[in-house]
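To start, the structure itself, in structure tokens.
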Amino acid sequence: MSVLDRFEKSVEGAVNGVFSKFGSKDLQPVDLSSALEREIDSQAMAMGRDRTVAPNEYRFKLSTPDFDRIEQWGSETLANELADKLTKYAETQHYAFVGPVVVIFEEDLNLGAGDFHLSSESVQGNAAPASPQSSSKDCPALEINGRQYLLTAPKTVLGRGSNCDIVIDDPGISRRHLEIDVTDKGVIARDLGSTNGTYVEGHQVPAATLLDGNTITIGRTRILYWASSQEQD
């Protein structure tokens with residue numbers, strides 16, 4: 001059962017629940033979440049009258065005790081939860097990204113328990129969450145759990161692992177499950193040797209050329225493919 005299944009109220013509620021067993025004196029997820037919102041607000045830059053770009057990679061340096069707690073519980077899960085919550089916050093502020101939002105935890109031996117340092121930067125990625133401020137350039141798109149992702153590079157990897165271009169929290173999905181290739185001859189979905197396979201329109205396939213409106217299923221997640229992002233605005 002995934003974190004979101006067990007903590008249904010909200011993403012923030014879920015990540016706060018992660019740390020409830022550690023006690024009130026320890027670093028809390030709400031501290032990390034609040035720091036992310038402050039960082040994105042302070043670093044977002046207007047790139048024109050109608051476009052504000054915010055950093056998409058956030059790096060936390062943590063004390064050894066706090067880093068160890070996060071590792072023991074599951075740093076990848078927490079990082080994905082925080083990244084998803086920050087992406088939703090960015091939508092309310094009409095910020096755009098140049099790539100997927102990623103949260104990274106690193107150990108810093110010089111920090112004391114409860115202290116952390118946060119830095120951010122914009123890193124070009126293969127898939128960017130669509131927003132009202134997204135680039136007007138048309139490109140193929142995927143719709144996953146009600147959110148649209150623009151396929152901005154020739155190859156985009158989907159999976160449960162934090163190093164994927166699009167991270168999906170689904171226990172039925174492999175760490176590197178599916179690759180979407182944008183080629184001159186069409187857009188191709190390729191299974192990456194996943195445990196549970198990739199299905200296009202209900203048929204298990206090692207690879208398939210996608211048509212507008214096709215449904216891809218990996219694990220319990222249903223993905224819609226759109227040949228044009230502009231048609232879905």
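Since we're looking at a predicted model, the values are computed, not measured.
For R59, the salt bridge (charged side-chain N to carboxylate O under 4.0 Å, His left out) partners are E57, E106, not counting sequence neighbours. Residues satisfying the side-chain hydrogen bond (donor to acceptor under 3.5 Å, both in side chains) criterion with Y225, sequence neighbours excluded, are absent altogether. Evaluation of the side-chain hydrogen bond (donor to acceptor under 3.5 Å, both in side chains) rule for T209 yields no partner, not counting sequence neighbours. With sequence neighbours excluded, no residue forms a side-chain hydrogen bond (donor to acceptor under 3.5 Å, both in side chains) with D108. Legend: residues meeting side-chain contact (heavy atoms from CB on, under 4.5 Å) with Q93, ordered by chain and number and at least two apart, are D41, Y89, Y95. In this structure E71 satisfies the side-chain hydrogen bond (donor to acceptor under 3.5 Å, both in side chains) test together with S75, sequence neighbours excluded. Looking at residues two or more places apart in sequence or on another chain, you find no salt bridge (charged side-chain N to carboxylate O under 4.0 Å, His left out) involving R38. Looking at residues two or more places apart in sequence or on another chain, you find no salt bridge (charged side-chain N to carboxylate O under 4.0 Å, His left out) involving D191.
A single hydrophobic cluster is not seen to contain both L158 and Y199; linkage of ILVMFWY side chains at heavy-atom distances under 4.5 Å, directly or through other members, places them apart. By the rule that hydrophobic residues join a cluster once side-chain heavy atoms approach within less than 4.5 Å of another member, I188 and L142 end up as members of separate clusters. When the side chains of ILVMFWY residues are joined at heavy-atom separations under 4.5 Å, either directly or via intervening members, V167 and F105 end up in two distinct hydrophobic clusters.
Considering only heavy atoms from C-beta on, L36 comes within 4.5 Å of F60 through its side chain. Between E121 and Q43 there is no side-chain heavy-atom pair separated by less than 4.5 Å. The side-chain heavy atoms of N196 and I218, taken from C-beta on, include no pair separated by under 4.5 Å. The side-chain heavy atoms of Y58 and L82, taken from C-beta on, include no pair separated by under 4.5 Å. Side-chain contact between Q204 and T198 is absent, with no heavy atoms from C-beta onward closer than 4.5 Å. Two residues are said to be in side-chain contact when any heavy atoms from C-beta on lie closer than 4.5 Å; L62 and E107 fail this criterion. A heavy-atom distance below 4.5 Å is not found between the side chains of N145 and R222. Proximity of I144 to I166: side-chain heavy atoms (C-beta onward) are separated by under 4.5 Å at one or more points.
Side-chain atoms of D170 and T221 include a donor-acceptor pair closer than 3.5 Å.
Minimum heavy-atom separation, A189 to I216: CB-CD1, 4.5 Å. Annotation for V205 and A208: closest pair CG2-CB, 4.0 Å, computed over non-hydrogen atoms. Residue A90 comes nearest to I40 through the heavy atom pair CB-CD1, 4.0 Å, listed as atom of the first residue, atom of the second, then distance. Scanning both residues, A141 and Q148, for their nearest heavy atoms gives CB-CG, 3.8 Å. Residue S63 comes nearest to G112 through the heavy atom pair CB-O, 3.2 Å, listed as atom of the first residue, atom of the second, then distance.
Side-chain N or O atoms of D68 include none that pairs as donor or acceptor with a backbone N or O of P65 at under 3.5 Å. When atom types are taken as modelled, the side chain of D84 and the backbone of N80 share no donor-acceptor pair closer than 3.5 angstrom. Without hydrogens or angle criteria, H177 side chain to G219 main chain gives no donor-acceptor distance under 3.5 Å. A donor-acceptor pair under 3.5 Å links the side-chain atoms of R160 to the main chain of I173, judged by distance alone.
Note: C139 SG to L150 CG = 4.5 Å, rounded to the nearest 0.5 Å. Note that the OH atom of Y149 and the CD1 atom of I223 stand 10.0 Å from one another [nearest 0.5 Å]. Atom SG of C164 sits about 6.0 Å away from atom CZ of R176, to the nearest 0.5 Å. Of the inter-residue distances, the one linking L86 atom CG with S33 atom OG reads 7.5 Å to the nearest 0.5 angstrom. Note that OG1 of T64 and CG of L111 are 8.5 Å apart. Values are rounded to the nearest 0.5 Å. In this structure, S228 OG and D212 CG are separated by 8.0 Å, a value rounded to the nearest 0.5 Å.
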For a quick test of your reading: what N or O donor-acceptor pairs under 3.5 Å do the side chains of residues 113-120 make, sequence neighbours left out?
{"from": "S120", "atom 1": "OG", "to": "E39", "atom 2": "OE2", "distance (Å)": "2.7"}

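If you chain together ILVMFWY residues whose side-chain heavy atoms come under 4.5 Å of each other, V102 ends up grouped with I104.
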Worksheet entry | L78 and I70: CA distance, side-chain angles, deciding distance, side-chain contact (heavy atoms from CB on, under 4.5 Å) verdict | CA-CA 8 Å; L78 178 59; I70 291 175; 4.2 Å; yes

Discussion item. One pair to check against side-chain contact (heavy atoms from CB on, under 4.5 Å): E81 and E76. What are the steps and the verdict?
Written reply: CA-CA 9 Å; E81 296 278 4; E76 184 175 298; over 6 Å; no

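Sorted by first and then second residue, the pairs that involve residues 179-189 and meet salt bridge (charged side-chain N to carboxylate O under 4.0 Å, His left out), not counting sequence neighbours, are K155-E179, K155-D181, D181-R190.
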